[in-house]
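A note on names: the letters A, B, ... follow the listed sequences, proteins ahead of strands, and every chain is numbered from 1.
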Amino acid sequence: MHVATDEPVLLAPTLLGGQSFRFRAIGDAFAGVVEGDLWTLATAPGGLAWTSARRRGRARLARYLGLDGSYPAALERLSQDPVLAPVVARHAGLRVLRQEPWETLVAFVTSANNHVPRIEGILARLAEAAGEPRDDGEVPYHAFPDADAVARLGERRLVSLGFGYRAPYVRATARAVARGDCDLEALREASCGEAREALLALPGVGPKVADCVALFGLGHGEAFPVDRWIARAVADRFFEAGEAPRDLKAFALARWGSDAGLAQQFLFHAARVEGAHGRRAPGASRLASSAAP
DNA sequence: CCACGGCCTGATTC
DNA sequence: AGAATCAGGCCGT
């Protein structure tokens, strides 16, 4: 199937850049499980080529990637920022995904003090252990397990899947969501601040994780997750040494408003591939050295 | 309110 | 080779 779009879409940094953890590159295409179905995506002339067993896949894909026509205007607004403009120009097509809230919540509780490749492995094993098996194409796969299924696994099993010391957090959070103590769907309609506060009440969810869930899972575009990369990128790009404010979220909201989340994604991606301050990003040397015998 | 140490785990680094 | 270091933080003190 094919979806036409004249909007820029950069699949690789969008799907593999640390927002979602269940996509992998297969040649020039990307395969991943979204909303319980296996998808393959690739850039194609005039748009995207995609496959999925799901009916009405085009609409779901458009929603997931945010192909609603609003992106060019957002790029235009961010490009008014003289500091951000060159970053936006270099990576136009990088998008904020609209993922399922529950999966996003588990993923980012898992992300705390952790590496992306390890997060991917943990979530893959979780899906295999507790997610509904599917076999509607060439390769079988597993849907992401719902909160009840995760809670049922138990703490020890979660540890064995690799969650480590986060296992009790994941289980307690799963229980809270499964019982309805935390209604994630309702938080989509709530304000970003209300959503953030509700998420912060969950074990294993601090400020950074709450903002990631608000942004990537609940569609709150003003959420501005501050991690060490963003803290350094903002300090380096927008302030003289030692003059960065304590509250970077307030800075971001004042500067970019409801585009703060997208701005964050550009800054994060730029920091990782370009390195902050012109320094090489970790991984650059690894790739170089691993090429040698 | 704020600063600080500890933490599963495993890939990478030294 | 075997020991540190580090990773998109969070929690408890």
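- For the pair Phe163(A) CZ and dG10(B) P, the interatomic distance rounds to 13 Å; values are reported in whole Å.
- Here, dT13(C) and dC8(B) have their P atoms 15 Å apart, quoted to the whole Å.
- Each of Leu200(A) and Asn114(A) was matched to the nucleotide of DNA chain C holding its nearest heavy atom; the match closer to the 5' end belongs to Asn114(A).
- Between Arg272(A) and dG8(C), a side-chain N or O to OP1/OP2 separation shorter than 4.0 Å is present.
- Counting any heavy atom pair closer than 4.0 Å across all strands shown, Gly18(A) reaches a base atom.
- On the P atoms, dG8(C) is 26 Å away from dC2(B), given to the nearest whole Å.
- Under the Watson-Crick and G-U wobble criteria, each requiring two contacts below 3.5 Å, nucleotide dA11(B) is paired to dT5(C).
- Gly206(A) comes within contact range of the sugar-phosphate backbone alone, with a heavy-atom separation under 4.0 Å but no base atom that close.
- Atom NZ in Lys208(A) sits about 13 Å away from atom P in dA7(C), given to the nearest Å.
- A distance of about 25 Å separates the P atoms of dT9(B) and dA1(C), rounded to the whole Å.
- No salt bridge links Asp136(A) with Arg134(A); every basic N to acidic carboxylate O contact stays at or beyond 4.0 Å.
- Map Leu202(A) and Gln265(A) each onto its nearest nucleotide of DNA chain C; the residue landing nearer the 5' end is Gln265(A).
- To the nearest angstrom, C1' of dG8(C) lies 18 Å from CZ of Phe266(A).
- Residue Phe216(A) contributes atom CZ, which lies 13 Å from atom P of dG8(C) at whole-angstrom precision.
- Taking the P atom of each, dC7(B) and dA4(C) are spaced 15 Å apart, rounded to whole Å.
- The residue Val226(A) sits apart from the nucleic acid: no heavy atom pair falls under 4.0 Å.
- The separation between Leu123(A) atom CG and dC8(B) atom C1' is 15 Å, rounded to whole Å.
- A pairwise comparison of heavy atoms in Val159(A) and Ala167(A) identifies CG2-CB, 3.5 Å as the closest pair.
- For dG8(C), the base has no donor-acceptor partner in the side chain of Gln19(A) [N/O atoms by modelled type, under 3.5 angstrom].
- In this model, the phosphate group of dC7(B) is not approached by any side-chain N or O of Arg166(A) to a distance below 4.0 Å at OP1 or OP2.
- Atom NE2 of His115(A) and atom C1' of dT9(B) are 9 Å apart (whole Å).
- Using a 4.0 Å heavy-atom distance criterion, Tyr169(A) is classed as a sugar-phosphate-only contact.
- Note on Pro117(A): nothing from the nucleic acid sits closer than 4.0 angstrom, heavy atoms only.
- Rounded to an integer number of Å, the gap from Arg228(A) CZ to dG8(C) C1' is 8 Å.
- The CZ atom of Arg118(A) sits 12 Å away from the P atom of dG8(C) (whole-angstrom rounding).
- Between Trp256(A) and Phe251(A), a ring centre-to-centre spacing shorter than 6.0 Å is recorded.
- Although no hydrogens or angles enter the test, the distance criterion places no donor-acceptor pair under 3.5 Å between the side chain of Arg63(A) and the main chain of Asp68(A).
- Within 6.0 Å of CG in Asp28(A) there are 12 or fewer heavy atoms belonging to other residues, nucleotides or ligands.
- When every heavy atom of His269(A) is checked against every heavy atom of Pro13(A), the shortest pair comes out as NE2-CB, 3.3 Å.
- Nucleotides dC6(C) and dG6(B) are separated by 15 Å at their P atoms, to the nearest Å.
- Using a 4.0 Å heavy-atom cutoff across all strands shown, Val109(A) reaches no nucleic acid atom at all.
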